[in-house]
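Below, all heavy atoms of this structure are taken into account, side chains as well, without hydrogens, waters or symmetry copies. Whatever order the structure lists them in is the order used to number ligands and atoms, beginning at 1.
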Amino acid sequence: MSHVMNTYARLPVTFSHGKGCRITDTEGKEYLDALSGIAVSTLGHAHPRLVDAIAAQAGRMLHTSNLYCIREQEQLADKLCELSGMQEVFFGNSGAEANEAAIKLARFYGHKKGVELPTIVVMEKAFHGRTMATLSATGNRKTQAGFEPLVSGFVRVPYGDLNAIRAVAEHNKNIVAVMLEIIQGEGGIHLADPVYYRGVRELCDAHDWMMICDEVQCGMGRTGKWFGYQQAGVLPDVATLAKGLASGVAIGACMASGKAAGLFGPGNHGSTFGGNPLASTAALTTIAVMEEEGLLDNAARIGSLIRQLFGEALAGVAGVVDIRGHGLMIGIELDRPCGELVGKALSDGLLINVTSEKIIRLLPPLIFSDDDARELVARTAPLIKDFLAA
Ligand SMILES: *Cc1c(COP(=O)(O)O)cnc(C)c1O
């Protein structure tokens, strides 16, 4: 009996090391990684630049505390603001923490405006994390069940429906923000029309609300632009990051601009580990390598190739509902629950994922090559066909 708390239905495999987009288990079997540890391993595994930077930083200093100035953290904040169009950044250690900071910012903003019970509009099928506030913001009853009372101050609307937000605004005077993912990840790779994102921005402007984009999964180059909202042509007031930001070292970031900038002062929020020299160096190096190796363009190009190849390989196959996504955030929706495909792929040496029961989710490292893409489709498409034919 394992002493690890049973919070994951783990697959029966343990990995020992990786290189690029390949990862090897303790028995010596090799796998093609099309999941990146859920959108985390931006640079794949054991990227030499990242390995060297982390080792050098560990040799200088791991941690000092936010009681002091941290040069690497300041450099990372500068870089993120340059890339994002944001003005300032708070650093935590995870996506949930980044979103906690965003939720606190929105509430703080509301109280400053005299709103007594600040309320945030959130989406059906959204995923924002597992802490009490982010779980309450998450749009999945199953993950919430058993943890009531949930945190109050959220109202839920269907994703992609501007009128639903307008309707809430009419009878609820406590709204202070709208929080959404530009591409819903856990919810099943759902995208809305660009008109929708611009509409949300306009509603937020008209009502003096904050627009909060949870970019934890779709940010950091995955869609082919640094941030998903740049695909949509909007600039939010708050954007949150984590997962791929440091290519595997734990970090979270809550970026603020406009009405969301300059709100917090000393004592309003904090984190012991957040933005420490090690995590900040890993993120800075990840970004530098992404720029040098042209990984945004690569994500866009390889993502299109993968969707195109799957489109060809699965053309006319009954049971395939949709192939969608942006860059290297790809969903293949089937007409039936297909969780068992994950185990079948694992046996075949492929790391893929299924989310929301019916959606095969692919989140390859941003260094995925043409050959990796062709191999992925050539090996995965038959699995899908066999599964659907059974
Ligand atoms: C994974 C994820 C989170 C939670 O991140 P953790 O690091 O697990 O806390 C939040 N939002 C989105 C969109 C995510 O995909």
Side-chain angles (χ1 to χ4, degrees), residues 5 7-8 10 35-42 84 90-106 120 122-140 142-144 147 151 154 156 159-160 177-192 197 211-223 226-229 231-232 236 238-255 271 273-276 279 282-283 286 325-331 353-356 359 361-364 366:
M5 205 177 274
T7 54
Y8 282 86
R10 294 171 197 272
L35 186 59
S36 309
I38 318 185
V40 169
S41 310
T42 304
S84 66
F90 169 82
F91 291 100
N93 311 284
S94 66
E97 282 179 69
N99 287 331
E100 285 280 340
I103 291 164
K104 283 181 69 174
L105 265 178
I120 302 174
V122 291
M123 302 295 150
E124 288 174 6
K125 297 192 179 141
F127 183 80
H128 297 301
R130 302 283 192 160
T131 60
M132 279 314 306
T134 59
L135 177 68
S136 306
T138 288
N140 182 339
K142 266 198 226 157
T143 59
Q144 293 171 339
F147 300 106
V151 173
F154 298 101
R156 197 167 308 283
Y159 187 67
V178 178
M179 181 171 187
L180 77 167
E181 298 152 86
I182 297 290
I183 302 179
Q184 292 187 320
E186 303 304 305
I189 316 293
H190 295 293
L191 302 90
Y197 307 114
M211 180 174 180
I212 302 173
C213 286
D214 179 343
E215 294 268 334
V216 168
Q217 193 162 148
C218 67
M220 289 316 292
R222 183 146 290 281
T223 66
W226 284 105
F227 306 105
Y229 61 78
Q231 291 287 1
V238 176
T240 56
L241 300 173
K243 291 200 165 92
L245 175 53
S247 202
V249 176
I251 188 169
C254 174
M255 311 192 288
S271 166
F273 288 120
N276 70 29
T286 298
H326 242 310
L328 290 172
M329 191 163 181
I330 298 168
N353 178 252
V354 167
T355 189
S356 293
I359 296 132
R361 178 170 54 162
L362 304 170
L363 300 163
L366 270 47

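Residues Val216 and Phe127 have side chains not in contact (no heavy-atom distance under 4.5 Å, counting atoms from C-beta outward). Between Met179 and Thr240 the shortest side-chain heavy-atom distance does not fall below 4.5 Å. Side-chain contact check for Met211 versus Val238: every heavy-atom pair is 4.5 Å or farther apart.
Ligand 1 places these atoms under 4.0 Å from at least one heavy atom of Ser94: 7 (O), 9 (O). The distance from ligand 1 to the heavy atoms of Gln217 drops below 4.0 Å at these ligand atoms: 15 (O). Within ligand 1, counting atoms from 1 as listed, the ones closer than 4.0 Å to a heavy atom of Asp214 are 10 (C), 11 (N), 12 (C), 13 (C). Atoms of ligand 1 lying under 4.0 Å from at least one heavy atom of Ala96, given by number and element, are 4 (C), 5 (O), 6 (P), 9 (O). The distance from ligand 1 to the heavy atoms of Asn99 drops below 4.0 Å at these ligand atoms: 10 (C), 11 (N).
Proximity annotation for atom 15 (O) of ligand 1: of Glu186, Lys243, Arg130, Lys243 comes nearest, heavy atoms only.
In this structure, atom 6 (P) of ligand 1 lies nearest to the protein heavy atom Gly95 N, 3.4 Å.
Looking at ligand 1, you won't find any N or O of Val216 less than 3.5 Å from one of its N or O atoms. Taking distance alone, with nitrogen or oxygen atoms compared against 3.5 Å, Phe127 approaches ligand 1 more closely than that limit.
Between the side chain of Arg361 and the main chain of Val354, no donor-acceptor pair closer than 3.5 Å is present. No side-chain donor-acceptor contact under 3.5 Å links Glu124 to the backbone of Arg156. At distances below 3.5 Å, at least one donor-acceptor pair connects side-chain atoms of Asn99 with backbone N or O atoms of His128. Thr42 places no side-chain N or O within 3.5 Å of a backbone atom of Leu366 that could act as its donor or acceptor partner.
Contact annotation for atom 8 (O) of ligand 1: protein absent (non-hydrogen atoms, distance under 4.0 Å).
Each of Val178, Leu241, Ile182 was scored for a side-chain contact (heavy atoms from CB on, under 4.5 Å) with Cys213, with one residue passing: Ile182.
Counting heavy atoms under 4.0 Å from ligand 1, residue Ala242 does not touch it at all. Of all the heavy atoms of Glu181, the ones lying under 4.0 Å from any atom of ligand 1 belong exclusively to the side chain.
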